[in-house]
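Convention: sequence-line order gives letters A, B, ...; per-chain numbering from 1.
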Number of protein chains: 2
Amino acid sequence: MTSMTAPHTSPTLGLRERKKIKTREAIRTAMYTLVEEQGYDATTIEQIAERAEVSPSTVFRYFPTKEDIVLTDEYDPIIMEELRTRPADEPWPDSLRHVMHRAITVGMKDPHAVSRLRTRLMVEVPAVRSRMMESMSETGRMLCQAIGERTGRDPESLEVRVYAMSIVGGLMETSMYWAEQDHEPDFDALVDRALNVIEHGLPPENH
Amino acid sequence: MTSMTAPHTSPTLGLRERKKIKTREAIRTAMYTLVEEQGYDATTIEQIAERAEVSPSTVFRYFPTKEDIVLTDEYDPIIMEELRTRPADEPWPDSLRHVMHRAITVGMKDPHAVSRLRTRLMVEVPAVRSRMMESMSETGRMLCQAIGERTGRDPESLEVRVYAMSIVGGLMETSMYWAEQDHEPDFDALVDRALNVIEHGLPPENH
DNA sequence: ATAGATTTTGAGAGCTACTCTCATTTCATG
DNA sequence: CATGAAATGAGAGTAGCTCTCAAAATCTAT
């Protein structure tokens, strides 16, 4: 944690900002370990606050809801940024594939236990799943924006919005599937199969 | 369950069942009118109970959450039933289209104000939208089942699940769009356009 | 370093959705 | 009508979340 203090970031961030990052991280890890110990529902904000050595008020100051504590979502900015760097003449599905794979490798960089816990909670706890879906729909709006920039279409049109949300829906289901299978195949491989379905529909039966 | 044997519903239903239906309806209409008057968040369970002339306990006995009071969802059974009645050799997209239109006409049969309120809340109140998404994902599982029966595929396979959820996601966005546009074009027409996108991808630009 | 402005935090009160229990009432049935 | 079963009401309790206000910590300037 503290070793993260790279030579670049330290001089610009004042003590205040550094402390904020630290408490934020403390709250998160407190929640993670408590959830591993007792489960999600049994873990109260009070316990989290106690273990993170802050007051309950502070927990709510850092995270609007309990579910938000376990859901990172730095994905959206990554996706947008990567999308913009793709060559403009690349076919859209190819760009999407590239970007998704990038987002996955970046998003999975934190300890495996955390990624696993997060997706497990997504499957098991309805509230977490709901919150996840909410953030997915925000991702959808971003995708609309990107598709608009890329293809010159109106990002607010029904067609673009439906297209984006069907992609998001499909990928959401892919993460659920991955979690249900105990993260058995590579997420990358699953995403590839999912994008194939989204792009071309159900493949013909092969038996 | 036991009433399944009745040719018509009235004689078989005892006073008890009839009362249950009545209170259920009373709670719902109480909530609808209160929400129209004061908005969703400002409406408490206590007020709903009072206006419906039941106790707060009873409200929770009939509806697990506040959001469930405004969300009907008789859609799923309709969809499944209609799907089964389609000819087995009909192309899948055609079946889907038929079934969606049927579900819409059946689902919109209650007073317009109610449908409008429901979709408006879906756009405006995050909790309602979340709950709606949850129920949509249940619809997705049903679709998987139907696709499995229809095409002989494994309903649990990633491909089928992704396919189903991308459809559901697209249609969900369609309802949001419809609500945002103040229900201006026919929902039917929008669903047609959405299904086109889901089936064939984004249409080529026409300018 | 000290003083003052600003930000962050803690403490606590308060609201509401939601759960659970138990006694009472209401309906069904012989 | 009497007995059994189901629905209801009342009430206590939990926990997520909001809001307010005073105290503590950090930043800035002299």
From CZ of A/R131 across to C1' of D/dC17 the rounded distance in Å is 15 Å

Could you name each residue pair satisfying ring pair (Phe, Tyr, Trp, His ring centres under 6.0 Å) that touches residues 31-64 of chain B, not counting sequence neighbours? none

Hits for salt bridge (charged side-chain N to carboxylate O under 4.0 Å, His left out) against A/R129, two or more places apart or cross-chain, chain-then-number order -> B/E134

Of all the nucleotides listed (D/dT26, D/dG16, D/dA5), which has the minimum atom distance to the side chain of A/L15? D/dT26

If the cut-off is 4.0 Å, is B/Y62 near the phosphate of D/dT8, judged by side-chain N/O to OP1 or OP2? yes

A side-chain contact here means heavy atoms from C-beta on lying under 4.5 Å apart; do A/S95 and A/R150 qualify? yes

In whole angstrom, what separates B/I27's CD1 from D/dA7's P? 14 Å

Minimum-distance nucleotide (side-chain atoms of B/S55 versus D/dG9, D/dT18, D/dA15): D/dG9

Taken to the nearest whole Å, CZ/B/F63 to P/D/dT8 is 12 Å

Examine distances only and state if a side-chain atom of A/K66 and a backbone atom of A/V128 form a donor-acceptor pair shorter than 3.5 Å. no

Measure from the side-chain heavy atoms of B/R61 and tell me the nearest of D/dA6, D/dT8, D/dC17. D/dT8

With A/M100, which of A/D192, A/T105, A/L171 fulfils side chain to side chain contact (heavy atoms under 4.5 Å, CB included)? A/L171

Protein-nucleotide distance (B/K20, atom NZ; D/dA6, atom P), rounded to Å: 10 Å

Expressed as a whole number of angstroms, how long is the span from A/Q47:CD to D/dA15:P? 8 Å

Identify, between B/P56 and B/K19, the residue whose nearest nucleotide on DNA chain C lies closer to the 5' end. B/P56

Please work out which of the three classes, parallel, tilted or perpendicular, describes the rings of A/H183 and A/W178, given edges at 30° and 60°. perpendicular

A/D41 CG to D/dT14 C1', straight-line distance once rounded to whole Å: 13 Å

Give the rounded distance in Å between these two atoms: CZ of B/F60 and C1' of D/dG9. 14 Å

Nearest-nucleotide comparison on DNA chain D, the residue closer to the 5′ end among B/S57 and B/E17: B/E17

From NZ of B/K22 over to P of D/dA7, roughly how many Å is that when rounded to an integer? 17 Å

Using only atom types and a distance under 3.5 Å, with no angle test, would you say the side chain of A/D186 pairs donor to acceptor with the backbone of A/D188? no

Reading DNA chain C 5' to 3', which nucleotide is the first, and which the last, to come under 4.0 Å of any heavy atom in chain A? C/dT6 to C/dG12

